[in-house]
Amino acid sequence: MSSSPAVPDDAVRACVEERRAAFLDDLVEWLRIPSVSADPSHADDLARSAAWLAGKLAATGFPVAEVWETPGAPAVFAEWPSDDPGAPTVLVYGHHDVQPAVLADGWHSEPFAPEERDGRLYARGAADDKGQVFMHTLGVRAHLAATGRAAPAVNLKLLVEGEEESGSPHFPDLVREKADRLRCDAAIVSDTGMWSAETPTVCTGMRGLTDCQIDLYGPDQDIHSGSFGGAVPNPAAEAARLVARLHDENHRVALPGFYDGVVELSEEERQLFAELPFDEDTWLRTAHSHAVSGESGYTTLERIWARPTAEVNGIGGGYQGPGGKTVIPSSAQLKLSFRLVAGQDAEKVQQSVREWVSQSLPDGIRHEITFWGATRPCLTPLGHPALEAVVRSMERAFGKRVRFTREGGSGPAADLQDALEVPVLFLGISVPSDGWHSPNEKVELDLLTKGAEAAACLWSDLAENWRPEPEGAG
């Protein structure tokens with residue numbers, strides 16, 4: 001693993017700077033398209049966004065640039081084969097849909113009328129994820145110009161989906177159906193970020209997710225707590241008991257078998273996390289919270305990046321209006337989510353939840369559990385040669401040592417990992433202040449161009465330093 005910054009690649013940097021203005025003009029044009037996947041009224045905008053991107057990828061030089069229809073929003077696929085028959089094949093993933101946004105949410109300018117201010121571009125999707133997708137067009141052009149190549153040093157593919165902000169409901173099926181077209185040696189996800197502009201980082205993993213609603217039913221209707229209280233089971237009280245039993249005294253999840261298969265943090269990873277300039281007070285302010293809490297024996301960063309969790313997202317039941325109403329409610333509800341780490345199986349966790357609830361409830365309380373699907377976790381081994389190439393390329397672009405993080409959230413990266421059976425790597429340049437999903441989302445333009453430099457360097461580095469064994473070899 002590289003431990004010192006490489007000399008910046010002046011040829012790549014010059015090529016990026018030469019094309020920067022035209023690149024930003026194109027990005028602004030794309031950001032004007034309100035491709036909001038959560039709102040059915042924007043279906044035409046999503047189609048327009050996909051067609052726009054396919055056209056720009058073709059103009060960049062990709063000989064294949066297609067719009068792939070799904071039962072929901074369209075995806076975009078592009079491919080540019082290398083002229084080197086032994087070159088590795090790399091698939092870049094991103095998404096072209098965005099979160100909803102209106103001026104009244106607190107924006108200082110119209111969210112779909114991009115504005116450049118103080119070296120930052122403000123617009124919905126500027127960082128999440130159109131900016132980070134589109135930087136690859138600048139990167140591949142700089143790569144070709146700096147190396148004098150007519151085709152990339154790797155077989156380069158792009159897959160840009162249109163429903164990530166809505167949970168990627170059709171993405172797993174799309175990847176399975178198109179597996180032959182998507183076949184690759186590694187996948188690069190450019191839908192992530194760095195620790196800060198001053199501390200460039202590479203993400204090595206994302207947690208998975210499964211979440212559910214538990215509905216509890218007691219009496220057939222609300223009943224008088226004086227006439228019947230203390231003599232029949234109360235679904236709201238049982239909901240509270242379930243929540244109280246969810247964790248033990250060390251804040252570990254108490255579901256039987258929950259930790260089965262969990263890949264534990266190595267001492268090397270713990271040391272790498274500890275090297276980051278983490279300030280707990282600053283983090284708490286960002287979290288709008290007043291104290292840290294969590295599983296004993298782990299730091300805050302380890303808890304949010306590398307440990308599984310169970311959270312109560314909502315709890316309700318009975319009378320919620322003003323004043324009192326002395327009833328035993330007929331029903332209560334819980335909403336729970338479970339963040340999963342490498343080694344855990346979402347289906348096994350779901351089954352554990354079902355068994356735990358069934359065994360915990362008394363007679364007279366009926367229940368229903370609804371799960372809303374699952375996202376698998378993914379993890380890149382620190383010593384993987386493709387990860388080392390990503391790190392070297394980031395160091396060439398930033399001129400600094402690159403450190404390591406994971407992501408506490410979840411995404412569709414594991415679908416690529418599982419369906420294509422390849423390592424997933426992360427190349428992102430967004431910083432926490434970019435405000436994903438928030439008013440005044442922006443991207444730092446200097447970081448965006450550094451991301452393009454890193455991508456330009458990466459294709460050469462992979463071709464020079466990594467030759468995966470052909471399928472079936474050995």
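- Among all heavy-atom pairs drawn from A127 and S430, the shortest one is CB-OG, 3.7 Å.
- Looking only at atom types and distance, the side chain of H96 has no donor-acceptor partner in the side chain of S35 under 3.5 Å away.
- Side chains of T405 and W305: a donor-acceptor N/O pair is absent below 3.5 angstrom, by distance only.
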Problem set entry | Residue pair V64, K157: steps toward the side-chain contact (heavy atoms from CB on, under 4.5 Å) verdict | CA-CA 9 Å; V64 175; K157 300 180 181 182; over 6 Å; no
Exercise. For F134 and W52, what are the C-alpha separation, side-chain angles and deciding distance, and is it a ring-ring contact (aromatic ring centres under 6.0 Å, His included)?
Worked result: CA-CA 12 Å; F134 203 57; W52 185 96; 5.5 Å; yes
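- For the residue pair E198 and K400, the shortest heavy atom distance occurs at O-NZ, 3.0 Å.
- With salt bridges taken as basic N to acidic carboxylate O contacts below 4.0 Å, none links E295 and R303.
- Ion pairing between R124 and E110 fails under the 4.0 Å rule for side-chain N and carboxylate O.
- With a 4.5 Å cut-off on side-chain heavy atoms, S438 and N440 do not count as touching.
- Between F338 and F371, the distance from one ring center to the other does not fall under 6.0 angstrom.
- A 4.5 Å side-chain heavy-atom check between D345 and V349 finds every atom pair outside the cut-off.
- Scanning both residues, M394 and V402, for their nearest heavy atoms gives CB-CG2, 3.6 Å.
- Using a 4.5 Å heavy-atom cutoff, the side chains of E164 and Y93 are in contact.
- A salt bridge does not link K335 with D211: none of the charged nitrogens is closer than 4.0 Å to a carboxylate oxygen.
- Side-chain contact, Y122 with E116: no donor N or O sits under 3.5 Å from an acceptor N or O.
- The pair R406-E269 meets the salt-bridge criterion, since a charged nitrogen lies less than 4.0 angstrom from a carboxylate oxygen.
- For the pair D415 and R376, the salt-bridge criterion is not met [side-chain N within less than 4.0 Å of a carboxylate O].
- Ring-centre distance between W68 and H170: not below the 6.0 Å cut-off.
- For D44, the CG atom counts as loosely surrounded, since its 6.0 Å shell holds 12 or fewer non-hydrogen atoms of other residues, nucleotides or ligands.
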Exercise. So E441 and Q99, side-chain contact (heavy atoms from CB on, under 4.5 Å) or not? Walk me through it.
Worked result: CA-CA 10 Å; E441 179 185 347; Q99 284 277 317; over 6 Å; no
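- Summarising the local packing, CG of D118 is surrounded by 12 or fewer heavy atoms from other residues, nucleotides or ligands at distances under 6.0 Å.
- Comment: D84 engages R467 in a salt bridge, judged by a side-chain N to carboxylate O separation of less than 4.0 angstrom.
- Using a 4.5 Å heavy-atom cutoff, the side chains of T300 and F278 are in contact.
- There is no side-chain donor-acceptor pair under 3.5 Å between S82 and N155.
- For the residue pair H42 and S37, no side-chain donor N or O sits within less than 3.5 Å of a side-chain acceptor on the partner.
- A salt bridge links E275 with R403: the distance from a Lys NZ or Arg NE/NH1/NH2 to an Asp or Glu carboxylate oxygen falls below 4.0 Å.
- Both the sub-6.0 Å distance and the 45° axial angle are satisfied by K450 relative to the ring of F398.
- Contact of the L458 side chain with the V154 side chain is not registered, since no non-hydrogen atoms from C-beta on lie closer than 4.5 Å.
- With 3.5 Å as the limit, one finds no donor-acceptor pair spanning the side chains of S168 and E163.
- Between E268 and R270 there is no salt bridge, since no side-chain nitrogen of the basic residue lies less than 4.0 Å from a carboxylate oxygen of the acidic one.
- Two residues are said to be in side-chain contact when any heavy atoms from C-beta on lie closer than 4.5 Å; E264 and R307 meet this criterion.
- R13 and D10 are not joined by a salt bridge, as no carboxylate oxygen comes within less than 4.0 angstrom of a charged side-chain nitrogen.
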